[in-house]
Amino acid sequence: MANALFYSSPWIDISSSVVAAVAVYITSLVVYRRWFHPLAEIPGPFWASVTHFYIVKYNLFSERSQFYLQVEKLHRKYGPVVRISPDEIHLADPENYEKLHYVGSKAPSKAPYFYDAFGLKIAAFGTTSNELHRIRRAAISPAFSRKAVLQLEDIVQEKTAKLINRIKDLLDEGKPVDLHHGFRALSVDIITDYSFDNDYKQLDSPTFGSDFYEMTSELITRGWVLQAFPFLLPLSDLITLPMAKRINGALYEFLLFRKRCVEQIATVKKEIDEGRDKSKHKTIFHQLLDPNASEGHVVPNVEELTEEMFTILTAGGETTGHAMTMITYYVLSNPEIYRKLVSELKTAFPEKQTTFDYLTLEKLPYLSSVIKEGLRLSYGVPGRLPRVIETPDAIFNGYRVPKGTTVGMSAWMLNRNPQNFPEPEQFIPERWSDPEKSKRLENKYFAPFGRGSRQCVGMHLAYLELYIGIGSIFRNFDRLRVDNFGPEDLEFDDYFGPFFRPTQNKFHVALDA
Ligand code: HEM
């Protein structure tokens with residue numbers, strides 16, 4: 001009797017029907033995605049063709065976030081075009097880079113599923129609409145032109161001299177110097193001085209502001225969580241400072257940092273509006289708030305300013321600091337390269353001095369080759385930059401790819417292509433010494449700052465910092481050695497930028513005996 005009741009329960013009938021309907025839906029979806037989808041012909045693993053969780057698995061549920069390495073393995077197995085999710089493909093052939101990254105209203109746009117997770121939808125970096133990007137980019141570009149950036153040279157010189165003095169003091173005391181954090185402190189102090197005329201003084205901190213780096217590293221990992229579960233994004237906006245304090249220390253520090261940015265923006269804007277501004281130099285704000293900054297310049301509102309500033313502070317610190325760290329590591333690990341670089345700098349600047357002018361530095365051929373090779377091997381943004389095809393069809397290596405498909409290429413693969421960079425894992429500045437060959441590589445096969453309309457806006461500033469930072473270090477110190485850091489410590493996780501684990505040794509230098 002009880003069994004009869006059980007079997008005839010309407011709830012059981014409904015739930016069985018729901019389960020059956022879900023099973024039919026999932027099966028049909030899998031069959032469609034794998035065999036009937038417009039990308040069905042594109043090779044790749046079965047699971048990648050049927051579910052987006054193929055990528056999520058590598059980003060979130062693996063020991064390390066190294067999907068960029070998995071993509072490399074897939075290309076080795078399946079060829080130059082690989083399907084990495086139901087509606088996304090990845091390309092390995094460098095010839096495709098300029099088909100994907102160019103200037104124009106029909107150029108592939110940034111993929112919303114990927115970039116919305118950064119929570120910066122109205123900033124030049126985060127916006128996925130080409131039209132909105134054109135407006136946002138026009139607002140910030142004048143502040144980062146080569147001309148505008150050259151006016152900043154004094155700031156870069158002053159901060160670099162400060163770092164050099166800190167290094168000298170520590171070496172005199174017989175202590176190793178933490179250049180992993182030292183270079184990041186340099187970039188953060190430069191960008192905050194440039195932005196607010198008020199730097200974060202990380203170069204004065206005994207640890208070079210390592211807590212700021214720890215906070216960024218801890219929080220950056222959450223980007224992939226928000227990408228996998230986008231419904232969490234609006235919820236994360238509801239977290240207040242007191243709530244964050246209870247939930248997670250890094251989150252609390254991050255919200256404080258964001259609050260501080262907003263307050264600084266409000267103060268600077270008010271001072272400029274009321275004519276009380278006493279800045280020592282023209283900041284990014286002066287540029288952004290000046291309606292005559294450039295033709296057609298639209299002054300951003302406070303919300304837009306906040307997002308732009310926040311992007312600039314986070315994009316401008318870690319990337320350049322990381323490149324300087326890697327360049328210094330590779331030079332010190334190769335005695336012949338170290339000797340050649342120091343010799344070129346000594347010839348150009350016979351006297352030891354505190355400032356080394358940029359216009360002279362950027363003309364030094366060996367230093368330029370060292371910087372290019374360092375940018376190649378530091379992989380500023382190592383993983384793919386996913387773009388959505390905006391034209392009816394695109395063709396990559398013979399495969400027809402319809403409008404709306406997400407297509408990506410990565411610096412990790414581009415910079416290690418053995419046809420363009422033989423012995424790709426070796427640091428060989430000489431590969432850039434022939435001007436014609438170097439130009440060909442730079443024009444077509446090398447894009448550390450991206451390419452096209454979404455190319456890095458901070459590129460001129462980054463070069464200014466790299467030339468002055470690297471030039472000053474190696475003109476001042478010709479007897480450094482790497483301290484307790486080896487090739488195994490170079491392995492990184494991809495959280496849009498390359499990040500090292502807390503357990504890995506950080507790059508330190510000491511005086512050679
Ligand atoms: C060595 C240093 C740097 C490297 C390797 C680098 C690399 C890149 C790359 C690859 C992109 C394209 C990202 C994408 O398509 O999603 C990018 C964009 C961007 N970078 Fe940099 N960057 C560096 C320094 C800087 C600096 C110093 C700043 C700040 C002033 C900055 C601000 C930005 C911004 C705002 C964008 C977005 C541009 C847009 O979409 O219009 N970067 N960067």
Side-chain angles (χ1 to χ4, degrees), residues 97 100-103 107-112 114-118 120-130 132-145 148-149 152 155-156 183-184 186-195 223 283-284 287-288 304 307-327 371-372 374-388 406-412 414-415 446-470 494 496-498:
Y97 200 82
L100 211 52
H101 299 272
Y102 58 89
V103 179
S109 54
K110 284 191 170 179
F114 188 91
Y115 286 94
D116 284 356
F118 294 102
L120 296 161
K121 282 188 182 185
I122 53 171
F125 166 77
T127 178
T128 53
S129 137
N130 282 349
L132 182 58
H133 175 258
R134 202 179 49 74
I135 298 167
R136 303 296 334 128
R137 177 74 181 224
I140 61 168
S141 282
F144 292 99
S145 67
V149 159
L152 290 181
I155 299 176
V156 180
F183 282 132
R184 283 160 174 80
L186 175 63
S187 298
V188 170
D189 279 4
I190 290 170
I191 193 70
T192 46
D193 197 342
Y194 185 22
S195 306
T283 64
I284 295 178
Q287 300 267 4
L288 294 181
E304 288 163 347
E307 280 207 7
E308 292 301 358
M309 289 313 304
F310 190 69
T311 319
I312 287 164
L313 293 193
T314 40
E318 176 57 31
T319 47
T320 324
H322 174 69
M324 281 192 264
T325 313
M326 289 297 99
I327 294 170
I371 288 177
K372 281 176 212 164
L375 282 170
R376 185 180 74 83
L377 282 180
S378 55
Y379 314 103
V381 181
R384 67 202 191 285
L385 305 175
R387 299 293 192 257
V388 177
T406 303
V407 183
M409 291 184 73
S410 66
W412 177 257
L414 200 65
N415 298 2
F446 182 58
F449 296 98
R451 194 70 64 74
S453 41
R454 307 306 293 251
Q455 186 177 44
C456 177
V457 77
M459 182 173 72
H460 296 298
L461 176 60
Y463 275 124
L464 183 73
E465 292 183 41
L466 290 171
Y467 273 92
I468 295 177
I470 297 300
D494 171 20
F496 197 65

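Whatever order the structure lists them in is the order used to number ligands and atoms, beginning at 1.
The heavy atom nearest to atom 10 (C) of ligand 1, out of those in Gly126, Pro448, Gly452, is found in Pro448.
Using a 4.0 Å cut-off between heavy atoms, Thr320 contacts ligand 1 through both its backbone and its side chain. At a 4.0 Å heavy-atom cut-off, ligand 1 touches Phe496 through the side chain alone. With a 4.0 Å cut-off on non-hydrogen atoms, Arg136 does not touch ligand 1 at all.
Of the possible donor and acceptor atoms, one in the side chain of Thr314 sits under 3.5 Å from a partner among the backbone N and O of Thr311. Without hydrogens or angle criteria, Arg454 side chain to Ala124 main chain gives a donor-acceptor distance under 3.5 Å.
Within the 4.0 Å heavy-atom shell around ligand 1 one finds Tyr115. Ligand 1 is approached by His133 to a heavy-atom distance shorter than 4.0 Å.
Remark: ligand 1 and Arg454 share an N or O pair separated by less than 3.5 Å (distance only, no angle test).
When the side-chain hydrogen bond (donor to acceptor under 3.5 Å, both in side chains) test is applied to Asp193, the partners found at least two apart in sequence or on another chain are Lys159, His281.
Interatomic distance, Ser109 OG to Leu132 CG, rounded to the nearest 0.5 Å: 12.0 Å. Separating the CD1 atom in Ile135 from the CD1 atom in Ile122 is a distance of 12.0 Å, to the nearest 0.5 Å. Note that CZ of Arg384 is 10.5 Å distant from CZ of Phe496, once rounded to the nearest 0.5 Å. Between the CD1 atom of Ile312 and the OG1 atom of Thr192 there is a distance of 12.5 Å, given to the nearest 0.5 Å.
Relative ring orientation between Phe118 and Tyr115 is described as tilted, the plane-to-plane angle lying within the 30° to 60° band.
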* Worked check of side-chain contact (heavy atoms from CB on, under 4.5 Å) between Lys110 and Phe125 -> CA-CA 9 Å; Lys110 284 191 170 179; Phe125 166 77; 3.6 Å; yes
* To do: Please report the C-alpha distance between Leu377 and Asn415 in whole Å, then the side-chain angles of each, then the deciding distance to 0.1 Å, and finally whether the side-chain contact (heavy atoms from CB on, under 4.5 Å) criterion is met.
  => CA-CA 7 Å; Leu377 282 180; Asn415 298 2; over 6 Å; no
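Near Phe144, the atoms of ligand 1 lying under 4.0 angstrom from a non-hydrogen atom of the residue are 30 (C). Which parts of ligand 1 touch Phe125 is read off a 4.0 Å heavy-atom cut-off, strictly below it: atoms 16 (O), 37 (C), 40 (O). Residue contact check: Lys110 has heavy atoms under 4.0 Å from atoms 14 (C), 15 (O), 16 (O), 40 (O) of ligand 1.
A donor atom on one side chain and an acceptor atom on the other are found under 3.5 Å apart for Arg184 and Thr325.
Counting protein heavy atoms only, atom 38 (C) of ligand 1 is closest to Arg137 NH1, 3.4 Å. For atom 15 (O) of ligand 1, the closest non-hydrogen atom of the protein is Arg387 NH2, 2.8 Å.
Minimum heavy-atom separation, Gly317 to Ser187: O-CB, 3.3 Å.
If you count the protein N, O or S atoms nearer to atom 21 (Fe) of ligand 1 than 2.8 Å, you get 1.
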